Amino acid sequence: MLRIPQGSIILAPMVELTHRALREFIEAHWPGADFYWTEMASTKSFLAHAPFESFYLDTLPHPQKTIIQWYSTNMPDMIEAVTQHYETSVANGQVCAGYDINFACSAPHIERSGGGITWMKKPEAAITMLRELRSALPDIQLTAKLRLGYEEDFENLVDFCIALAEAGLDAIILHPRFKHEKFKLRNHWDILHTITAAIKIPIIGNGDITSFEKAHLAFSTYKLHSIMIGREAVRRPWIFYLIKNKSTNSNFSMDIELETAALTYISYVQKFLPAAFHLSRIKRFFFYFCDNLKFGHHLRYAIQNAQSIESIQEHIKSYFCEVPEERIKYEK
Ligand SMILES: Cc1cc2nc3c(=O)[nH]c(=O)nc-3n(C[C@H](O)[C@H](O)[C@H](O)COP(=O)(O)O)c2cc1C
């Protein structure tokens with residue numbers, strides 16, 4: 001059952017970035033995201049009760065708006081982990097908005113392990129896995145996130161999407177890049193548009209949506225059911241708020257105090273994540289956030305080399321002492 005209404009704007013799954021601290025930060029300061037994807041959770045780690053699993057699977061502050069993404073190298077683990085998780089969350093009264101299967105990740109270690117995009121090399125196994133998962137969990141929203149695959153084979157891609165729909169998926173999230181394209185090359189939105197027309201379940205489009213104008217284009221020109229935003233939501237966590245407000249008020253303006261935003265984000269990481277995660281998650285965030293700053297490369301470099309949170313806070317304060325008044329204004 002699809003719980004995502006048409007026109008939704010969604011936070012994409014991103015390792016070490018889309019955790020509870022980021023969701024709390026967005027919700028408290030610039031609410032506007034309709035749904036949140038967690039970073040991918042490993043079925044193997046979940047089944048082994050690995051440390052920190054409760055943080056990867058934390059769906060607060062709004063479980064009903066949060067979808068857990070799973071990554072697995074094999075079908076038995078996937079079925080076992082997802083059903084176990086579902087049963088526990090029903091018992092705890094904290095059922096999330098749905099489960100998503102990662103068929104998209106092309107990071108070398110994930111590919112080597114046989115997870116992520118490698119499922120697109122074995123479509124029959126992927127389809128069987130989803131059919132089994134659907135029969136084990138008839139009531140929950142089930143989606144899968146895909147890239148375009150390994151090579152241009154449009155017919156096979158459409159057939160794969162149709163078969164996934166028939167296996168019981170409620171929607172497909174498409175990041176329209178081929179495996180080898182990483183993030184740099186052209187995003188094939190034209191292909192995405194054609195797939196939307198060919199299959200019966202909704203397509204949620206993802207990739208390079210960085211402004212109100214691009215979000216608008218995704219809905220108006222490409223007729224997408226919903227859109228998903230990744231890196232821009234880390235660079236500018238107010239992007240959902242901005243898009244939502246601009247779509248109802250063309251005169252909408254806002255003013256972002258970058259120093260306050262930067263320091264506040266750190267306090268959310270400290271409050272909501274385990275100490276072992278603090279430094280890595282803060283560094284990962286500022287890798288993108290520093291793009292907002294005129295001399296962001298200096299601050300980014302200093303933060304990436306910092307050994308403590310206190311020194312990161314000091315680098316941020318001294319940056320804004322040297323470049324006071326740096327802020328972002330969105331005007332009519
Ligand atoms: C640091 C990082 C981590 C990511 N982790 C995941 C992940 O766990 N699962 C997934 O399906 N995609 C992952 N992605 C891909 C994003 O979800 C998204 O598809 C991609 O960034 C393109 O969208 P964007 O242009 O809006 O960033 C990751 C991307 C980045 C940059």
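Remember, it's 1-based here, ligands and their atoms both numbered in the order they're listed. Please read all numbers here as calculations on a predicted model, not as lab measurements. When reading the values below, keep in mind they use all heavy atoms of this one structure, side chains included, and skip hydrogens, waters and symmetry mates. Positions are given from 1, in the same order as the sequence printed here.
Ring to ring, Phe286 and Phe289 are close: their centroids are under 6.0 angstrom apart. Ring pair Phe277/Phe52: centre-to-centre distance below 6.0 Å.
Contacts between Val15 and ligand 1 below 4.0 angstrom, taking non-hydrogen atoms only, involve backbone and side chain alike. Only the side chain of Lys145 comes within 4.0 Å of ligand 1, counting heavy atoms alone; its backbone N, CA, C and O stay farther away. Contacts of Met40 with ligand 1, taken as heavy-atom pairs under 4.0 Å, involve both backbone and side chain. Residue-level proximity to ligand 1 for Asn102 is carried by the side chain, the only part with a heavy atom below 4.0 angstrom.
Every atom of ligand 1 is numbered from 1 in the order shown, and the set under 4.0 Å from a heavy atom of Asp208 is 24 (P), 25 (O), 26 (O). Proximity to Arg231 (heavy-atom distance under 4.0 Å) selects the following atoms of ligand 1: 21 (O), 24 (P), 25 (O), 26 (O), 27 (O), 31 (C). Proximity to Tyr288 (heavy-atom distance under 4.0 Å) selects the following atoms of ligand 1: 1 (C), 31 (C). Short contacts between ligand 1 and Gly207, defined as distances under 4.0 Å to a heavy atom of the residue, involve ligand atoms 23 (O), 25 (O).
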Check residues 108-117 and write down every donor-acceptor pair under 3.5 Å in which the side-chain atom is one partner and the other belongs to a residue at least two apart or another chain.
unit_1: Glu111; atom_1: OE1; unit_2: Lys179; atom_2: NZ; d: 3.2
unit_1: Glu111; atom_1: OE2; unit_2: Tyr150; atom_2: OH; d: 2.9
unit_1: Ser113; atom_1: OG; unit_2: Tyr71; atom_2: OH; d: 3.1
unit_1: Ser113; atom_1: OG; unit_2: Ile110; atom_2: O; d: 2.7

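Residues Arg134 and Asp139 are not paired through a salt bridge, judged by the lack of any N-O separation under 4.0 Å between the basic side chain and the carboxylate. Taking a cutoff of 4.0 Å between a charged side-chain nitrogen and a carboxylate oxygen, Asp255 and Lys329 qualify as a salt bridge.
Residue Glu232 has no N or O atom closer than 3.5 Å to an N or O atom of ligand 1. The distance criterion of under 3.5 Å between nitrogen or oxygen atoms is not met by Arg177 with respect to ligand 1.
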Q. Where do Tyr265 and Val234 land on the side chain to side chain contact (heavy atoms under 4.5 Å, CB included) test, with the steps shown first?
A. CA-CA 11 Å; Tyr265 174 76; Val234 183; over 6 Å; no
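Nearest-heavy-atom check against atom 14 (N) of ligand 1 across Pro13, Ala12, Cys105 picks out Pro13.
Under a 4.0 angstrom heavy-atom cut-off, Gln69 registers as being in contact with ligand 1. Ligand 1 lies out of reach of Trp70, whose nearest heavy atom is not under 4.0 Å from it. Assignment of Arg284 to the shell around ligand 1 is supported, since a heavy atom sits closer than 4.0 Å.
Under the 3.5 Å distance criterion, the side-chain polar atoms of Asp170 are matched with a main-chain donor or acceptor of Met1.
Side chains of His29 and Pro237 form no contact here, defined as non-hydrogen atoms less than 4.5 Å apart.
A cation-pi arrangement is not found for Lys121 relative to Trp119, the charged atom failing to lie both closer than 6.0 Å to the ring centre and inside a 45° cone about the ring normal.
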